Amino acid sequence: MKLKKLLLTSALFLAAYSTMQAQQTQVIAHRGFWQTTGSAQNSIAALTKADSIHCYGSELDVWLTVDNQLVVNHDDIFKGVIPQDATAAVCTAVRLDNGEPMPTLRQYVLKSRELSTRLIVELKPHRTPEQETRAVQGIVRMIHDYDLEGRVEYISFSLHAVKEFIRLAPAGTPVYYLNGDLAPKALKDLGCAGADYALTVFRQQPQWIKECHALGMKVNAWTVNNAKDMQWLIEHNVDYITTNEPLLLQQILQENKQ
Ligand code: MG
């Protein structure tokens, strides 16, 4: 009887443990969910669609315009417009591939108040640290004003921007550095929430995943679009995967649960 009970407890524990393992990896839609009808990278539609398929987060890229407004786009030159050298009026006159005007961050944030996916806000590296500081100040203030502080994470390739997010966002807000050149301990010392690096970085240094976890930090890998890489990362217990293929990743996560 005792043995039976022990075996049952062990089986339940193993089942719970494997579910826990499978649930650990969360899906972040890279520039929103855009590879679907009516969507486009960094569009309001891409944010809405990422939310509709229950992604943990929807990533977006932010620029500060020459008149100190914040707009959402990835490219340093988009359809002939350089966001950091243009006014917000010029930027928002540009149409995305789905016909939407280039969104302002305010429009993005307002829409996200109706949704539940987290905003993974990337500040693009600007020409000067002063621009980045102004951008970080504007972003942090806006997120505060629209009461989204519990649902935002900040990321950047710029070390200066990362330091400014850590300095200016409320304590405990997750901030990640993207550039891949700092070891987990250095990230911890900076105050980062973890490593948010290219898949290739973790392929070359898989021990960084364990090191991050041992330091109480999270791991996110980008931009992972094929099943084999997704499976490898899931088996290495990464916390988040940023992907252009959120439905494929969800399917693989589901298969890992079974
Ligand atoms: Mg990005």
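Just follow the structure's listing: the first ligand is 1, and inside any ligand the first atom is 1. Everything numeric in this text was worked out from a predicted model, so none of it was measured. Sequence positions, counted from 1, serve as the residue numbers for this chain.
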The expected count of protein N/O/S atoms at less than 2.8 Å from the Mg ion (ligand 1) is 3
Hits for ring pair (Phe, Tyr, Trp, His ring centres under 6.0 Å) against Y177, two or more places apart or cross-chain, chain-then-number order -> none
Can you find a side-chain donor-acceptor pair between Q254 and Q250 that sits under 3.5 Å? no
L123 and V136 have their tightest heavy-atom pair at CD2-CG2, 3.8 Å
Applied to residues 216-228, the salt bridge (Lys or Arg N to Asp or Glu O under 4.0 Å) test, sequence neighbours excluded, yields none
- Message: With heavy-atom distances below 4.5 Å as the criterion, would you say the side chains of D97 and K79 are in contact?
- Response: yes
The side-chain hydrogen bond (donor to acceptor under 3.5 Å, both in side chains) partners of K111 (sequence neighbours excluded) come to E114
